[in-house]
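Let me begin by presenting the structure, written as structure tokens, before commenting on it.
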Amino acid sequence: MFTTLIVQPIFNLLVAIVALIPSHNFGMAIIIFTIIVRLALYPLLKKQLHQARVMRELQPELKKIKKATKGNRQQEAVMVQELYKERGINPFASVGVLLLQLPILIGLYSGLRKLVTDPQQLVSFAYPFLQHLPWMQHIAHNIKDFDSTLFGIVDLAKPALSHSGGIYWPAMVIVVASCIIQYFQSKQLMASDKEAKSLRQILKGAGSGKQADQADINAAVGRSTIFLLPIMIFLFTVNLPSALSLYWLVGGIVAFIQQTMVLREDTTELEAIADAPGKKDKVSDKKPTKNVAEIAEAEVVASPKVVKKQKPAKKKKSSNKRRKKK
């Protein structure tokens, strides 16, 4: 079922691109295929990026909640969830893009494996209507004419590292470049906090007897993932056909451009709303509302001892004096 629903459609889309482009170059087909996939995922990616931007903007309010709850983890968790609900944030929204990309990667890997082990499957595994294309009919009898390279420079059927051939440097460049673009792609979405503690500082403080804050630990571990994901990509793709690394590289470049556009669009939209004429007047007419973080901070700052009771007795005395004068 997975082969019929996932592998074969992905394989045939790639074959159709190879058959229809003038150069019939496999590397060029992978680039076009990747751009098509990224554009198809763009609506979901855009929603994910909007949530990532809002999450970055919520960092000061999350700190207020942390300060207000004073170590009460249960209360802090409840108030954070209320804040997310108030702003319409789903912390697990980013998982959707990853879950959609995973079958594409597996399907692409399975299709590439078929081509590497038996190039004749380029024709036999294709849909019947594709087999009638002129280039496909030519390749069916002249499979050696299939160009499995990237513009004649990189053999995309070879891995960057193999036991028999050692290091294949053209493919290794693609693998390393895909890891670098993944690093910058993750860093672009990472919330910047100058006061954030690194994992090394937290461990050093714990060694000297200071109690580590779980929120600081979670934030430090989250920041370390920008290095973890590129390392995992390197280990995963270095022994596979370099066509998969090319897909990841092009996908990372396209995703980085999409992220830049969406984040810039959000910033421009927010600035336009702030600079809109009459916006301040409309806001001032409405009663100011407090969000969850401000309410939490106010509850801690305000105390029953601080509130002074009014003395109505003075008013009674003044009224008695008026009666005497009369």
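On a predicted model such as this, the values are computed, not experimentally measured, just so you know.
A 6.0 Å sphere centred on OH of Y127 holds more than 12 heavy atoms belonging to other residues, nucleotides or ligands.
Across all their heavy atoms, A171 and K158 have their closest contact at CB-O, 4.3 Å. Closest approach of R38 to Q258, counting heavy atoms only: O-NE2, 3.5 Å. P170 and V154 get closest at one heavy-atom pair: CB-CG2, 3.8 Å. Taking each heavy atom of I233 and S178 in turn, the nearest pair found is CG2-OG, 4.2 Å. The two atoms that bring V18 and A29 nearest to each other are CG2-CB, 3.2 Å, heavy atoms only. Nearest heavy-atom pair across M136 and A19 is CG-CB, 4.1 Å.
To the nearest 0.5 Å, atom CD1 of residue I153 and atom CG of residue D155 are 12.5 Å apart. Distance check: S242 OG to L150 CG gives 8.5 Å after rounding to the nearest 0.5 Å. Note: I253 CD1 to F256 CZ = 10.5 Å, rounded to the nearest 0.5 Å. Interatomic distance, CD1 of I10 versus CD of Q8, reported as 11.5 Å (0.5 Å rounding).
Cluster membership check: F234 does not share its hydrophobic cluster with L228, using side-chain heavy-atom separations under 4.5 Å among Ile, Leu, Val, Met, Phe, Trp and Tyr. Using a 4.5 Å cut-off between side-chain heavy atoms of Ile, Leu, Val, Met, Phe, Trp and Tyr, with links allowed through other members, L105 and F33 fall into the same hydrophobic cluster. Note: the hydrophobic cluster containing L14 also contains F146 (ILVMFWY, side chain heavy atoms under 4.5 Å, direct or indirect links). Cluster membership check: M232 does not share its hydrophobic cluster with I106, using side-chain heavy-atom separations under 4.5 Å among Ile, Leu, Val, Met, Phe, Trp and Tyr. Under a hydrophobic-cluster definition in which Ile, Leu, Val, Met, Phe, Trp and Tyr are linked whenever side-chain heavy atoms come within less than 4.5 Å, directly or via other members, L240 and Y168 are assigned to the same cluster.
By the 4.5 Å heavy-atom criterion applied to side chains, I104 and V37 are counted as neighbours. Side-chain contact between S186 and F227 is absent, with no heavy atoms from C-beta onward closer than 4.5 Å. Residues V238 and M172 are in side-chain contact: their nearest non-hydrogen atoms beyond the backbone lie under 4.5 Å apart.
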- Message: Run C179 and I231 through side chain to side chain contact (heavy atoms under 4.5 Å, CB included) and show every step you take.
- Response: CA-CA 7 Å; C179 297; I231 292 171; over 6 Å; no
- Task: Decide yes or no on side chain to side chain contact (heavy atoms under 4.5 Å, CB included) for I30 and L156, but give the supporting numbers first.
- Result: CA-CA 10 Å; I30 290 178; L156 297 176; 4.0 Å; yes
- Can L112 and F26 be said to form a side chain to side chain contact (heavy atoms under 4.5 Å, CB included), step by step? CA-CA 11 Å; L112 292 174; F26 189 50; 3.3 Å; yes
- Residue pair L115, F125: steps toward the side chain to side chain contact (heavy atoms under 4.5 Å, CB included) verdict: CA-CA 10 Å; L115 282 176; F125 197 59; over 6 Å; no
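Of the possible polar contacts, one joining the N239 side chain to the L161 backbone as a donor-acceptor pair under 3.5 Å is found. Checked by atom type and distance alone, the side chain of Q131 never pairs as donor or acceptor with a backbone atom of Q137 at under 3.5 Å. In this structure a side-chain-to-backbone donor-acceptor pair under 3.5 Å is present from N25 to M28.
Both tests do not hold together for K114 against F11: distance to the six-membered ring centre under 6.0 Å, angle to the ring axis within 45°.
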Can I get a per-line list of side-chain donor-acceptor pairs under 3.5 Å for residues 243-251, giving both atom names and the distance, sequence neighbours left out?
residue	atom	partner	partner atom	Å
W248	NE1	Q182	OE1	3.3

